[in-house]
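See below for the structure under consideration.
Note that the numbering runs from 1 along the sequence shown for the chain. Order of listing sets the numbers, starting from 1, for every ligand and every atom in it. All of these numbers come straight from a predicted model, not from anything done at the bench. In what follows, every heavy atom counts, from backbone to side chain, and hydrogens, waters and symmetry copies are set aside.
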Amino acid sequence: MVEGVNRGDDVSITVFLGAPGSGKGTQAKRLALNHGFKHLSTGDILRGAIQAGTTLGLRAKEFVENGDLVPDALMIELIASSLSGFPSSAKVILDGFPRTKPQAVALDNDESTMVRRAVYFKVPEEVLILRLTGRRICEKCSEPYHIKFIRPKNEGVCDKCAGKLIQRADDVENVVVRRLELFNELNKQLLNYYQDRNRLVEIDGFLPVEELQAELIRMLK
Ligand code: AMP
């Protein structure tokens, strides 16, 4: 991989960095729906695998539900196989990967992809705790809601697909605190990694959803 140079035949990747609850997933979903990006969320893939009871799900279940990270080797294998399914013209947003420096290095070593930039969603910690503990997601399509800020039209039912809204096992308060501790520990290394390679941009994740989306569209053009 030649750093900073897109060879033209690589899958073009934007990495979204940020704490759980920083809004990466919401923004990535909108960019995928309206602007031609492919959204790859490792958290969604893992939750789907756990729900379906696949081998991957069985291996990842305990880590995910305790708020721990799934081991790098398993995640690197998962992302390589997920990315190999995209055509070389694809513009992919990675949401939730990399989470560690070895994952970032493995992504850069993948010959068929090019990480063009890393966007860091910066959000104060007290806001993250409020967002996460009040979050509910659709069991079927993983559309996010919030008990105060983003309420569905009908209590407990997804507006998009009528699926049931649930609280993720890792969104309960003690697990949230653990996830944020882990995030703070590892994120500094990732920010340094992308900063050193001139690929880091920071964005105010506290902006209203629409404003943040407009800023991202400008940035990713
Ligand atoms: P997320 O939906 O991105 O908050 O991810 C939910 C959970 O999935 C995390 O708390 C981890 O247990 C696991 N996970 C997702 N992505 C990764 C990753 N890149 N490395 C390790 N574990 C991950």
Run the numbers on D44 and K29 for salt bridge (Lys or Arg N to Asp or Glu O under 4.0 Å), then give the verdict.
-> CA-CA 12 Å; D44 283 351; K29 278 194 175 72; 3.7 Å; yes
Kindly indicate, with the supporting measurements, whether the criterion salt bridge (Lys or Arg N to Asp or Glu O under 4.0 Å) is fulfilled by E210 and R30.
-> CA-CA 10 Å; E210 297 301 338; R30 285 173 176 238; 2.8 Å; yes
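The atoms of ligand 1 that sit less than 4.0 Å from any heavy atom of R168 are 1 (P), 2 (O), 4 (O), 6 (C). Atoms of ligand 1 lying under 4.0 Å from any heavy atom of M75, numbered from 1 in the order shown and given with element: 16 (N), 17 (C), 18 (C), 19 (N), 20 (N), 21 (C).
Closest to atom 11 (C) of ligand 1, if we only count protein heavy atoms, is D68 O, 3.4 Å. Here the heavy atom of the protein found nearest to atom 20 (N) of ligand 1 is Q103 NE2, 3.0 Å. Here the protein heavy atom with the shortest distance to atom 14 (N) of ligand 1 is L46 CD1, 3.5 Å. Scanning the protein for heavy atoms near atom 16 (N) of ligand 1, the closest one is T42 OG1, 2.8 Å.
Of the polar atoms of G96, at least one N or O is found under 3.5 Å from an N or O of ligand 1, judged by distance alone. Looking at ligand 1, you won't find any N or O of D44 less than 3.5 Å from one of its N or O atoms.
If you chain together hydrophobic residues whose side chains sit under 4.5 Å apart, Y193 and F121 never meet in one group.
Using a 4.0 Å cut-off between a side-chain N of Lys or Arg and a carboxylate O of Asp or Glu, D108 and R199 qualify as a salt bridge. A salt bridge does not link R178 to D170: none of the charged side-chain nitrogens sits closer than 4.0 Å to a carboxylate oxygen.
The environment of F206 atom CZ is sparse: at most 12 non-hydrogen atoms of other residues, nucleotides or ligands sit within 6.0 angstrom. Within 6.0 Å of atom CD in E62, 12 or fewer heavy atoms from other residues, nucleotides or ligands are found, so the atom counts as exposed in its surroundings.
Nearest residue to atom 21 (C) of ligand 1 from V175, I137, V70, V64 is V70 (criterion: closest heavy atom). The heavy atom nearest to atom 4 (O) of ligand 1, out of those in K24, E65, R99, R47, is found in R99.
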